[in-house]
Amino acid sequence: MINCSRIKKYGNKFKIILENARVTFISRWSRRAEKSSREKGAAMPKKTIQTFQVEWLQILDEHGNCDETLRPSLSDKEIQKLYEWMVLTRTLDEKAFKLQREGRLGTYASILGQEAAQVGSAFALQPSDWMFPSFREAGASILRGLPPRMILQYWSGDERGSQIPEGQNDFPITIPVGTQIPIAAGAAWAAKLRGDRIAVMTYLGDGATSKGDFHEGLNFAGVFSLPVVFLCQNNQWAISVPLSRQTRSKTLAQKAIAYGFDGIQVDGNDVFAVYKAAKEALEKARAGHGPTLIECLTYRIGDHTTADDASRYRKAEEVEAWRKKDPIDRLKKYMANKGLWNEAYHQQVATAAREKVEAAVKEEEAIPLPDPKDIFRYTFGELPEELKQQMENFLRGDGRPDL
Amino acid sequence: MINCSRIKKYGNKFKIILENARVTFISRWSRRAEKSSREKGAAMPKKTIQTFQVEWLQILDEHGNCDETLRPSLSDKEIQKLYEWMVLTRTLDEKAFKLQREGRLGTYASILGQEAAQVGSAFALQPSDWMFPSFREAGASILRGLPPRMILQYWSGDERGSQIPEGQNDFPITIPVGTQIPIAAGAAWAAKLRGDRIAVMTYLGDGATSKGDFHEGLNFAGVFSLPVVFLCQNNQWAISVPLSRQTRSKTLAQKAIAYGFDGIQVDGNDVFAVYKAAKEALEKARAGHGPTLIECLTYRIGDHTTADDASRYRKAEEVEAWRKKDPIDRLKKYMANKGLWNEAYHQQVATAAREKVEAAVKEEEAIPLPDPKDIFRYTFGELPEELKQQMENFLRGDGRPDL
Amino acid sequence: MAKLTMVEAINLALKQEMERDPAVVVLGEDVGKSGGVFRVTQGLFERFGDGRVVDTPLSESAIVGVSIGMAAYGFRPVAEIQFEGFVYGAMEQLISHASRIRTRSRGRYHCPLVVRMPYGGGIRAPEHHSESNEALLVHTPGLKVVAPSTPYEAKGLLVSAVRDPDPVIFMEPKRVYRAIKEEVPEEEYSIPLGQCRIATEGKDVTLIAWGAMLQPTLKAAALMGERGIGSEVIDLRTLSPLDDDTIIESVKKTKRAVIIHEAPRTCGLGAELIARINEKALLYLEAPVERVTGFDTVMPLPKLEQHYLPNAERVVEAIDRVLSF
Amino acid sequence: MAKLTMVEAINLALKQEMERDPAVVVLGEDVGKSGGVFRVTQGLFERFGDGRVVDTPLSESAIVGVSIGMAAYGFRPVAEIQFEGFVYGAMEQLISHASRIRTRSRGRYHCPLVVRMPYGGGIRAPEHHSESNEALLVHTPGLKVVAPSTPYEAKGLLVSAVRDPDPVIFMEPKRVYRAIKEEVPEEEYSIPLGQCRIATEGKDVTLIAWGAMLQPTLKAAALMGERGIGSEVIDLRTLSPLDDDTIIESVKKTKRAVIIHEAPRTCGLGAELIARINEKALLYLEAPVERVTGFDTVMPLPKLEQHYLPNAERVVEAIDRVLSF
Ligand SMILES: Cc1ncc(C[n+]2csc(CCOP(=O)(O)OP(=O)(O)O)c2C)c(N)n1
Ligand SMILES: Cc1ncc(C[n+]2csc(CCOP(=O)(O)OP(=O)(O)O)c2C)c(N)n1
Ligand SMILES: [Mg+2]
Ligand SMILES: [Mg+2]
C-alpha cells in the first residue's frame with residue numbers, strides 16, 4: 001500500500017506548506033473500513049517496508065533571489081556564459097519563428113521559456129559525453145556545438161541539418177516521442193562496457209513519460225546501472241494535452257521510484273538549479289553510480305509548433321503567469337545585483353547573438369538544394385544493386401524507379 | 001531527489017528491522033559534496049515535497065499462524081472453499097504436467113506454488129466483474145467458471161479452449177507478455193463510461209512489469225481513475241531471468257507510485273492476504289475510487305513451461321526454500337488448528353478434485369478434431385469474398401489457397 | 001448540397017455516427033479540446049463532452065489497446081493515430097490482438113474498432129509525418145484497411161467503417177484533407193467496404209490508385225485523354241479485403257495496367273495487385289503491369305520529397321511504356 | 001568436418017564472431033545462463049561472460065532500442081527476439097530508428113545490428129510462436145532481411161550479417177533448427193548477402209522458397225523428378241535486398257514459376273517476386289506464377305496448423321497447374 005503525503009509547493013521555495021490530508025488508500029475510499037479496523041484494535045494493519053521522498057530544488061527564484069548556500073560554484077565568467085547562451089538561444093528561437101511566419105522555414109518547435117532547462121543542463125555536459133535530444137532542444141544543441149545554421153537547415157526540411165559534426169557526440173533530432181530514450185540507454189551501456197568514464201544525457205518532455213519507451217529505457221538503465229541522465233523538460237503541455245491528462249502522479253520525478261534510482265524535481269526556469277542537478281547527476285553517472293531522472297518544471301510559453309494555435313486549448317492567464325517566471329529575466333536580476341550585468345553588457349550580448357543568428361540565416365539560405373541522389377545514398381553503407389538501379393533510373397529521369 | 005529508507009523484511013512479519021542506512025542520492029555517490037554543503041550551513045539542501053510508503057501484508061504465515069485481527073471475514077465454509085479451489089487447481093496442474101510428459105498435451109505452463117495468489121484473488125471477484133488473464137492463470141480461470149476441460153483443450157492446441165462460455169466475463173489467455181494490460185484498462189474504462197459498478201482484474205507476471213504495455217496501461221488507469229486491479233504474481237522468474245534482472249526496484253508494488261495510485265505488496269502464498277488485498281482493491285474500484293496494483297510475492301516452483309528445464313539456471317536450494325512456504329500447506333495447518341480440516345475431509349476433497357480432473361481429461365480427449373473451416377470462419381464477422389474463395393479452394397483440396 | 005473538404009466530411013461523419021449510436025467514442029492525442037492537429041474532430045468535444053471525445057496520454061499502443069478493451073465491452077471506439085508514422089508503436093496491439101480476438105475466442109469476442117490515421121506525403125512535414133505503410137496492415141489477417149480519395153468517399157466509407165463489426169484501419173490522405181472540395185450530402189449514406197470505384201472509364205489502360213494518388217492519376221488520365229488514350233481509373237478505396245473482380249475485369253478489357261502508390265515499392269500493395277492480375281488475367285496482358293511508387297528509401301524531408309512522390313508526369317511515362325511495350 | 005544442426009551452426013558462428021571481434025555482444029531474453037529457449041546461445045555466457053552475453057528485461061522494443069545505441073557507440077550487437085511473433089513491439093525502433101539512423105544523419109551514424117529471430121510454424125507451438133512476417137520487414141527501407149535454410153547456410157550468412165555495417169534481420173526457421181544435420185566447416189567462411197542460391201538445377205519450372213519452406217519444396221522437386229520434370233529450386237537466402245538477376249534468369253529459362261511461403265498470402269513476399277517476374281520476364285511466362293502460401297487468416301494452433309502450412313503435396317499440385325496451364 002502506498003500512502004502519499006502531499007506537500008504543496010508555492011512559488012517561493014521557503015513557503016512550503018504541509019497539507020494536512022494524509023492520503024491513504026483506506027481513508028480515500030472507505031473511511032468506514034478504516035474505522036472498523038481501528039475499532040478492532042489493529043492500529044496499523046499493514047507494515048511499511050519502503051519509504052520514499054521526492055525533493056524539489058530551487059536556487060534562484062523568479063525575483064532573482066538566490067540561495068547562495070545552494071548555488072553551484074560557478075565563476076563570474078561562467079555565469080555570464082550561461083546568460084549569453086540563453087540569450088543566443090532565445091534570439092535564434094525568435095528568428096526561427098519569424099522565418100517560419102515569412103515562409104522561409106518549415107514547421108518549427110519553439111523553446112521559448114525553456115532556455116534555462118536546456119542551457120543549464122547542456123552546460124554541465126563534457127564534450128566527451130553523449131547527448132540524445134528530442135525535437136525541442138535547439139538551445140542544448142547549439143551549446144553542444146551544433147552550428148545554428150544546422151538548426152535552421154533541419155527545420156527547413158533538409159536532412160543535412162541532422163549531419164551532426166564529427167566530434168560532437170550528439171544524435172540528431174528524434175521525432176517519435178520518447179523513442180530516443182532506450183537508444184540513449186544503449187549508448188550509456190556501451191560506454192560502460194568500454195570502460196569510458198563518460199555520461200549520456202537524453203532530453204524528453206512530459207508527454208514522453210507516457211510512452212512505453214520511457215518505461216523500458218529507464219528500466220534498463222536501472223537494471224544495468226547505466227551512466228545516463230534523463231532530463232525531462234516538464235513544460236506542462238504535450239501539444240494540447242495538459243500534464244494532468246498525461247499522468248496522475250504529482251511529480252514526474254517520482255516515476256524514478258519505479259526503477260529503483262534517483263529522481264529530483266527542479267525549478268526548470270532556474271538555471272542554477274538545473275545546472276546543479278545536472279552536474280551532480282552527470283558526475284554520479286561518470287563515477288559509475290547509475291542513472292538519474294531530473295524533472296525540470298518549466299512551461300512552454302509558445303504554441304506547440306508554428307503549426308499550432310495554443311489559444312484554442314489554454315488560457316492566456318496561465319501563459320502570463322509563467323512569463324513572470326522567465327528564466328533569462330531572473331538570471332539578469334541576479335547578475336545585476338552582483339554587478340555582472342548592465343545595459344552595455346546586455347547590448348553587447350544581444351548584438352553578438354543577433355549577428356550570429358543573422359549570419360546563420362544567411363549561411364543557411366545560401367546553401368544549394370540537396371543533391372537528389374542523397375535520397376538513396378545513405379540508405380546503406382553500400383548501395384545494393386536494386387537500389388543503385390532505382391537511383392540510376394531516377395537520375396536518367398525516365399520516372400522508372402526500378403528495372 | 002528520492003531517498004529510500006529500506007526496511008528489511010524477514011520471514012515473520014513481526015520481525016521488521018529498520019536498516020539504518022538512509023540511502024540518499026548524495027550520500028551514495030558523493031559524500032564529499034554533502035559534507036561541504038553541510039559545512040556551508042545548508043542543513044537540508046533540497047526540500048521534500050512528496051513522501052511515499054510501500055506496505056506489506058501477510059496474515060497467514062508459513063507455519064499456519066494467523067493474525068486474526070487482520071483476517072478477512074470469511075465463513076468456515078468460505079475458508080474451506082478456498083482450500084478446495086486450491087486443491088483442485090493443483091490437481092489439475094499436476095495432471096496437465098503428466099499429460100504433457102505422456103505426449104497427450106502440448107506445452108503447458110504450470111502454476112505450482114502460485115495457487116493462493118490465483119485462488120485468493122479470483123475468489124474476490126464478482127461474476128459481473130471482468131477478468132483478463134495472462135497465460136498462467138489456470139487456477140483463477142476455473143474458479144471463474146471455465147470448465148477445466150477447456151484448459152486442457154487450449155494447451156492441446158485447440159482454439160476452442162479459448163471460447164470462453166457466454167456469461168463468463170473473461171478474456172482468453174494472452175501470450176504476448178503484458179499486452180493484456182491496456183486492454184483490461186480499456187474494458188474498465190468502458191464499464192466506467194457505462195456506469196456499471198463492476199471492476200476489472202488483470203493478471204500479470206514480474207516479467208511483464210518491464211514491458212511498455214504495463215506502463216502505458218497503468219498510466220491510463222491512473223489518469224482516468226479506472227476501476228481496474230492489476231494483480232501481479234511476482235513469482236520471481238521470467239523464464240530464466242531473475243527478478244533482479246527485471247528491475248532494480250526493491251518491490252514491484254512501488255511502481256504504482258509512478259502512476260499516482262496505490263500499490264501494495266502481499267505475501268502471495270498467503271491466501272488470506274491475497275484475498276483481503278484483492279477484495280479491498282476491487283471494492284475500491286467498484287466504488288469509483290480508481291486502480292490498485294497488487295504485488296503477490298510468490299514463487300514459480302516448476303519449470304517455466306514443460307518446454308523448459310529450470311535446473312540450468314537456478315539452484316535447487318532456492319526452490320526447496322520456497323516449497324516450505326507452500327500456500328496449501330499453510331492453509332491446511334490453519335484449518336486443522338481451527339478444526340476445519342482433518343484427514344477424512346482432505347480425502348474427500350482430494351478425491352472430488354481427482355474425479356473432476358479425470359472427467360475433464362476424458363471429456364477433452366473425446367472431443368473430435370476441430371473443423372478445418374474454423375481456420376477461416378472467425379477471421380471476420382462475415383467472410384469477405386476472397387477469404388471465402390480461399391476456404392472453398394482449400395476444402396475442395398486442390399491446394400490452391402486463392403483464385 | 002454543401003461543398004466540403006475531406007476534413008469537414010470526416011468530421012460530419014463522426015458527428016452523425018456519434019449522434020446515431022451512443023456506443024461510438026472518439027479517443028486519441030489532441031482530439032478533444034484542440035479538435036485534432038488537422039481539426040478533423042473539431043467541435044465534437046464541445047458537442048459530446050469529455051466522456052465521448054477523449055484526449056489521451058501520449059501512447060499509440062495504449063490508445064489501440066484500451067480501444068480493444070472498450071470494443072470488447074460493447075463500445076465502438078474511433079481511435080486516432082496522429083500520424084501514420086507513429087502507428088508502429090501500436091503494431092503489437094493491432095496485429096496480436098485487434099485483428100485476432102474474434103478468431104482467438106472463436107467468436108466470443110470481437111473488435112468493432114476504427115483506427116483513423118492521416119497518411120502520406122506532400123505537405124512539407126517533418127520526418128515520420130509523411131509515411132504510407134498500408135502494406136503492413138494489408139498483410140495482417142483480420143484487419144480491414146480503407147483509404148478514401150475524396151470528401152464524398154471519406155464520409156461514406158467512414159460510416160461503413162464505424163458500423164463494421166471488425167477492426168478497420170482508416171487511412172486518411174492528409175494531402176487531400178483541404179485540397180479539394182466536393183458536394184457531400186448531409187443525409188446519411190454509406191459506401192460498402194470491399195468494393196472499388198471506377199473513377200473514370202476507359203478502354204486503353206487501367207490505372208489503379210488510392211488516397212492522395214488519385215489526383216495525379218486522374219491528371220495523368222486527363223493528359224492521356226488529350227492524346228486520345230482512354231484510361232480506366234480505379235479508386236481502390238478498400239485496400240483489404242481487395243475487390244479483385246472489378247480490377248480483373250478492367251484489366252481484361254484494357255489489357256494494360258499501371259499501379260500508383262506512395263509507399264516504398266518493394267512489398268508494397270502494388271506487388272499484390274500485380275500478383276493477382278498475374279494469377280487471374282495473365283493471358284490478357286499486352287505489357288507488364290507498371291508500378292509508379294516511392295523508392296525503396298526512407299521518405300525524404302520536404303526539400304527532396306517532390307522527387308519521391310509519384311506525380312502525373314511519372315504516371316504518364318508509365319502509361320506510355322505499357323502502351324508502347 | 002562435423003555434421004551440425006542449424007542450432008549448432010548458428011552457435012558456432014556466434015562464438016567465432018565473438019572471438020574475432022570484441023565489439024560483438026549478444027543480448028536478449030534468456031540468451032545468457034539458460035542459453036536461449038532453443039539453446040542457440042548455449043555456452044556463450046560461460047565463455048564470454050555477463051558483459052558480452054546479456055539477459056535483458058522483458059522488452060523487445062528496448063532490446064532493439066538499446067542495441068541501436070550500442071551500435072552507434074561502436075558495438076556490433078546481436079539481439080535476439082525470442083520468437084518472431086513478439087517482434088511487433090520492436091517495430092517502432094526497427095522502422096523509425098535502426099533502419100534510418102544512417103540516412104537521417106547523412107552517414108554520421110550507422111547501425112551495425114543483427115536481430116536474430118526464430119520464425120515459422122510446424123513445431124506445434126502456442127499462439128504467436130509460429131509467425132512468418134518477413135514481408136513487414138522487407139517492406140522497410142534500410143533493413144536487410146536474411147533467412148537461411150540449412151545449417152551450412154546459416155553459419156555463412158550469419159557471419160556476413162554480423163560483419164555488415166547495417167541492420168540485418170536474421171530470421172531462423174525454427175522448424176529446421178534440429179531437423180537436419182549437415183557438414184559445416186569449423187573454419188571461417190561467409191556467404192555474401194544479396195545473392196540467391198540455386199539449390200537444384202532444372203529446366204521445366206522454377207521453385208522459389210526460403211527458410212523452412214526449402215524442405216517441402218525440395219521434396220516436391222524430387223517427386224516431380226520421378227515423373228521426369230526438372231525443377232530449378234531457388235533458395236532465396238536474402239529476402240532484402242532481392243537478387244533479381246538469378247530469379248529472372250531462371251524464370252526465363254524455365255518459363256514457369258511457383259513461389260512457396262508460410263506467411264499469409266496477401267502482400268507477402270511472394271507478391272513482390274511475382275511483380276518482379278512480371279516486370280522483367282513477362283513475355284517468357286507460359287503460365288501464371290503460382291503461390292503456395294499460408295492463408296489470409298491467423299496461423300492456427302497446433303491442431304489445425306498442418307492445414308495452413310504449405311507442404312510438398314501442395315507444391316506438387318501447383319507445379320502441375322503451371323505445367324498444364
Ligand atoms: C510517438 C509519437 N506520437 C505522436 C507524436 C506527435 N507529437 C509531436 S510532439 C507531441 C507532444 C510531445 O509532448 P512532450 O513530450 O511534452 O514534449 P513537448 O512538445 O512539450 O516538448 C506529439 C503528440 C509524435 N511525434 N510521436
Ligand atoms: C512480448 C513477449 N516476449 C517474450 C515472450 C516469451 N515469454 C513467454 S513467458 C515469458 C516470461 C514471462 O515472465 P513473467 O511475466 O514473470 O510471467 P511468468 O512466466 O513468471 O508467469 C517470456 C519471456 C512472450 N510471450 N511475449
Ligand atoms: Mg511537454
Ligand atoms: Mg514471473
Side-chain angles (χ1 to χ4, degrees), chain B residues 130 132 159-166 168-176 179-194 196 200 202 211-213 215-217 219-224 226 228 370 374-387 389 402-403, chain C residues 22-23 25 27 51-52 54-75 77 89 92-93 95-110 112 141-144 164-167 193-194 238 240-245 275-276 279-280:
Chain B
W130 281 54
F132 289 76
E159 283 88 350
R160 291 171 298 177
S162 289
Q163 196 179 28
I164 311 297
E166 278 301 330
Q168 185 182 339
N169 296 324
D170 296 2
F171 245 45
I173 280 181
T174 294
I175 296 279
T179 53
Q180 72 280 13
I181 301 172
I183 302 178
W189 197 353
K192 182 176 170 156
L193 289 174
R194 279 273 159 83
D196 296 346
V200 172
T202 181
K211 200 142 186 302
D213 305 76
H215 178 70
E216 300 184 354
N219 189 46
F220 266 63
V223 166
F224 297 105
L226 302 179
V228 53
D374 286 359
I375 296 175
F376 300 89
R377 194 180 272 150
Y378 301 99
T379 308
F380 294 104
E382 197 184 321
L383 268 196
E385 205 42 54
E386 58 173 10
L387 215 48
Q389 270 299 309
D402 203 345
L403 286 179
Chain C
V25 294
L27 71 164
R52 292 186 64 200
V54 195
D55 281 327
T56 65
L58 202 162
S59 160
E60 285 71 19
S61 179
I63 289 168
V64 173
V66 299
S67 295
I68 296 167
M70 295 176 99
Y73 201 91
F75 280 84
E92 185 157 39
Q93 288 293 342
I95 301 181
S96 296
H97 294 304
S99 71
R100 287 171 178 242
I101 185 60
R102 183 191 285 276
T103 192
R104 177 182 304 145
S105 70
R106 289 301 183 241
R108 166 66 206 278
Y109 294 104
H110 66 292
L143 296 181
K144 295 181 183 173
D164 198 271
D166 291 299
L193 306 188
T238 298
S240 179
L242 283 168
D243 171 12
D244 287 7
D245 292 352
R276 296 199 182 196
E279 284 160 353
K280 299 185 177 174

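Since this is a predicted model, take the numbers as computed values, not measurements. Lettering follows sequence order; numbering is per chain, from 1. All values below were derived from every heavy atom in this structure, side-chain atoms included, with hydrogens, water molecules and symmetry-related copies excluded.
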Applying a strict 4.5 Å limit to non-hydrogen atoms, the region of C:L242 in contact with chain B is both
Any residue meeting salt bridge (charged side-chain N to carboxylate O under 4.0 Å, His left out) with B:D374, in chain and number order, not counting sequence neighbours: B:R377
Measuring heavy-atom distances to chain C, does B:E385 have an atom under 4.5 Å in its side chain, in its backbone, in both, or in neither? neither
Answer whether the closest heavy-atom distance between the side chains of C:V25 and B:W189 falls below 4.5 Å. no
Mark yes or no for whether C:D166, through its side chain, and B:F380, through its backbone, hold a donor-acceptor pair below 3.5 Å. no
Would B:D196 and C:Y73 count as a side-chain contact (heavy atoms from CB on, under 4.5 Å) here? Give the steps. CA-CA 11 Å; B:D196 296 346; C:Y73 201 91; 2.6 Å; yes
CD/B:Q180 to CD1/C:I68 distance, rounded to the nearest 0.5 angstrom? 12.0 Å
Against chain C, work out which of B:G161, B:A185, B:P384, B:P172 has the most heavy-atom pairs shorter than 4.5 Å and name it. B:P172
Heavy-atom side-chain contact between B:R194 and C:F75 under 4.5 Å: yes
Stepwise salt bridge (Lys or Arg N to Asp or Glu O under 4.0 Å) check, B:E166 with C:R108: CA-CA 7 Å; B:E166 278 301 330; C:R108 166 66 206 278; 3.6 Å; yes
When rounded to the nearest 0.5 angstrom, what distance separates CG in B:N219 from OG1 in C:T56? 10.0 Å
Backbone N or O of C:R106 within a donor-acceptor pair of the B:Q163 side chain at under 3.5 Å? yes
Residue pair C:M70 / B:G186: nearest heavy atoms and the distance that separates them: CG-O, 3.3 Å
So how far is it from B:T379 OG1 to C:L143 CG, rounded to the nearest 0.5 Å? 11.0 Å
Closest non-hydrogen atom pair between C:A72 and B:W130, with its separation: O-CH2, 3.7 Å
Region of B:A188 that comes under 4.5 Å of a non-hydrogen atom in chain C: neither
Judged by modelled atom types alone, do B:D213 and C:Q93 share a side-chain donor-acceptor pair under 3.5 Å? yes
Considering all heavy atoms, the nearest B:N169-C:Y109 contact: C-OH, 3.7 Å
If you round to the nearest 0.5 Å, how far is CZ of B:F224 from CG of C:L27? 8.0 Å
Counting C-beta onward and ignoring hydrogens, is there a side-chain heavy-atom pair between C:H97 and B:P176 closer than 4.5 Å? yes
Of all residues at least two apart in sequence or in a different chain, which pass the salt bridge (charged side-chain N to carboxylate O under 4.0 Å, His left out) check with C:E92? B:K211
Per-residue tally against chain B (heavy atom, under 4.5 Å) across C:P165, C:A62, C:P57 peaks at C:P57
What's the verdict on side-chain contact (heavy atoms from CB on, under 4.5 Å) for C:D244 and B:Q389, showing C-alpha distance, side-chain angles and the deciding distance? CA-CA 11 Å; C:D244 287 7; B:Q389 270 299 309; over 6 Å; no
With side chains defined as the heavy atoms from C-beta onward, is the minimum distance between B:I183 and C:S67 less than 4.5 Å? no
Hey, are the side chains of C:I63 and B:F220 touching, using non-hydrogen atoms and a 4.5 Å cut-off? yes
Please determine whether a side-chain nitrogen of the Lys or Arg among C:R276 and B:E386 lies less than 4.0 Å from a carboxylate oxygen of the Asp or Glu. yes
Proximity breakdown for B:I181 and chain C, heavy-atom pairs closer than 4.5 Å: neither
Do B:F171 and C:S105 come within less than 4.5 Å of each other through their side chains, counting heavy atoms only? no
Specify which of C:D243, C:D164, C:V54 makes the most heavy-atom pairs with chain B at under 4.5 Å. C:V54
What's the shortest heavy-atom distance between B:L193 and C:G51, and which atoms? CD2-O, 3.4 Å
